[in-house]
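Reviewing the structure listed below.
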There are 2 protein chains.
Amino acid sequence: MNNMGIPIPSLRRLLAYYRHLKSASQKGLEFLSSGDLALAAGTTPEQVRKDFSFLPSQGRSRVGYPTQKFAEIIEDYLGLMNDKEAVLVGAGNLGRALALYPGFEQVGLRIVVLFDNDPEKIGNKVGDLQVLPVDALPSLVERMLIRIGIITTTADAAQAVADAMVAGGIKAIWNFSTLRPKVPDDVMVRNMDLSSELIVLSHYIRSLGAQEPPKSLDDDLDRLEQAS
Amino acid sequence: MNNMGIPIPSLRRLLAYYRHLKSASQKGLEFLSSGDLALAAGTTPEQVRKDFSFLPSQGRSRVGYPTQKFAEIIEDYLGLMNDKEAVLVGAGNLGRALALYPGFEQVGLRIVVLFDNDPEKIGNKVGDLQVLPVDALPSLVERMLIRIGIITTTADAAQAVADAMVAGGIKAIWNFSTLRPKVPDDVMVRNMDLSSELIVLSHYIRSLGAQEPPKSLDDDLDRLEQAS
DNA sequence: TAGATTGTTAATCGATTAACAATC
DNA sequence: TAGATTGTTAATCGATTAACAATC
């Protein structure tokens with residue numbers, strides 16, 4: 001009932017702080033203030049301090065946050081060094097791009113196999129990774145105790161894929177299709193609809209166009225800006 | 001000062017309703033209730049009705065929303081049929097996947113050129129699209145009156161790319177790099193940090209693991225689920 | 001010490017959810 | 001008509017922002 005648990009936006013910001021702390025530490029900078037971090041992460045010093053209040057460590061008044069130590073604290077808190085295995089279904093352009101995306105390594109994610117139902121794709125390799133038929137997914141996922149699944153198929157295949165993932169014991173699904181798969185309550189789905197992001201950008205542009213003559217609608221800009 | 005303007009989450013949900021209305025209409029279904037739409041979009045009937053209150057049209061009591069008409073209303077409201085041109089910088093795997101992404105056509109987005117600074121990539125083609133040097137960006141963008149830019153470069157190149165975009169008159173930037181570019185106030189940046197999304201999934205998995213023995217923490221699950 | 005910066009509590013804000021009257 | 005469903009206003013909730021005491 002009471003609010004245990006860190007808000008999702010804080011979680012994401014912590015990753016941004018982590019990157020900045022680490023790079024500062026590598027440059028030999030020993031401390032960063034909440035103001036420095038806010039600047040790098042596109043937020044406010046108050047927000048940084050609030051976010052840091054979820055961590056099991058404190059900064060130093062008048063000095064700031066020790067870069068190396070806090071990079072480690074966040075690394076720990078977010079579990080960045082834990083090896084997290086995932087499977088990806090849908091070996092199209094987007095699926096392949098994600099399979100080869102270099103940034104995932106830095107957060108400890110490793111995609112271990114791809115799946116697809118296109119006979120043309122099955123048996124191919126994407127980087128080091130094999131492409132297997134979707135049939136093979138549940139047992140492989142179960143055997144390897146994989147908990148994360150990524151869906152980059154078309155909408156019409158997505159529900160069947162999600163079902164297969166759930167059958168194999170996957171608990172967190174990152175869904176790039178436009179369908180919202182139905183899953184049991186204990187499975188988290190994060191829907192990443194790329195088109196809807198563009199709608200947001202295009203809506204902003206239209207609002208600019210409409211409001212250019214009347215001039216300066218700062219309130220509206222602020223409102224749109226803030227929700228990154 | 002007062003809250004004009006639709007919330008960003010509503011904007012994105014409208015796109016989901018639109019897809020479902022259109023497909024129902026094509027199947028010959030004439031009406032959908034807020035409950036039907038809620039089910040398809042993963043939200044509640046109340047939320048659907050609230051979102052629809054931003055549209056210049058109403059449903060019918062006891063009947064629901066006419067599918068074809070409401071698909072058109074949303075199409076209009078979101079400007080889906082307006083041709084929106086964009087440029088993309090960073091012709092790596094992710095950039096190419098976005099350039100070839102079929103879903104953008106359905107929301108009226110057209111990526112018209114790619115840019116990159118890698119001499120190996122300049123002059124290549126990605127689908128029908130040419131890859132040009134980043135130097136050429138500002139003048140081309142200005143000449144073509146392009147307002148949307150997509151950044152899929154590494155973090156170290158991102159600020160220079162954003163600057164070039166702003167110089168050419170771009171007003172909305174979709175940024176896939178981990179750097180948060182500094183831009184003038186009238187330019188909207190949407191940051192799409194793929195790794196941070198994974199952090200959310202992995203944090204959820206860890207919370208499950210930690211709480212499996214004590215059993216059933218529905219509050220926590222709900223909280224995490226809801227923020228899609 | 002004085003003053004910069006942290007940590008935390010309280011106030012605000014915006015979005016979601018609930019309630020319910022209006023309608024066909 | 002009775003009852004299902006809409007539209008809208010009010011209540012709740014959660015996250016952000018502001019305020020300020022504590023600290024080095």
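We name chains A, B, ... by the order of the sequence lines, and we start the count at 1 in each one.
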Could you check whether atom CD of A:E30 has more than 12 heavy atoms from other residues, nucleotides or ligands sitting under 6.0 Å from it? no
Close approaches to DNA chain D from residues 18-47 of chain B, in residue order (heavy atom, under 4.0 Å): B:S33, B:S34
Can you list everything that forms a side-chain hydrogen bond (donor to acceptor under 3.5 Å, both in side chains) with B:S10? Sequence neighbours excluded, please. B:R13, B:D51
Ion pair B:R19/A:D193, N-O distance below 4.0 Å: yes
Pairs involving residues 57-66 of chain B, ordered by first then second residue, that meet side-chain hydrogen bond (donor to acceptor under 3.5 Å, both in side chains) (sequence neighbours left out): B:S57-B:K69
For DNA chain C, report each stem as range with range, ordered by first number, or say none. Use Watson-Crick or G-U wobble pairs under 3.5 Å, at least 3 in a row. C:3-24 with D:3-24
With sequence neighbours left out, what residues match B:R49 under salt bridge (charged side-chain N to carboxylate O under 4.0 Å, His left out)? none
So, with a heavy-atom separation below 4.0 Å from DNA chain D, the residues of residues 56-80 of chain A are A:S61, A:R62
Are A:K171 and A:D186 close enough for a salt bridge, meaning some N to O gap below 4.0 Å? yes
With heavy-atom distances below 4.5 Å as the criterion, would you say the side chains of B:L32 and B:F70 are in contact? no
Nearest listed nucleotide, side chain of A:K50, among C:dA10, C:dC20, D:dT9: C:dA10
Side-chain N or O of B:R13 closer than 4.0 Å to phosphate OP1/OP2 of C:dT16: yes
Please confirm whether the backbone N or O of A:K84 pairs with a side-chain atom of A:R110, one donor and one acceptor, at under 3.5 Å? no
Within a strict 4.5 Å, meaning less than it, do heavy atoms of the A:W174 and A:N191 side chains meet? no
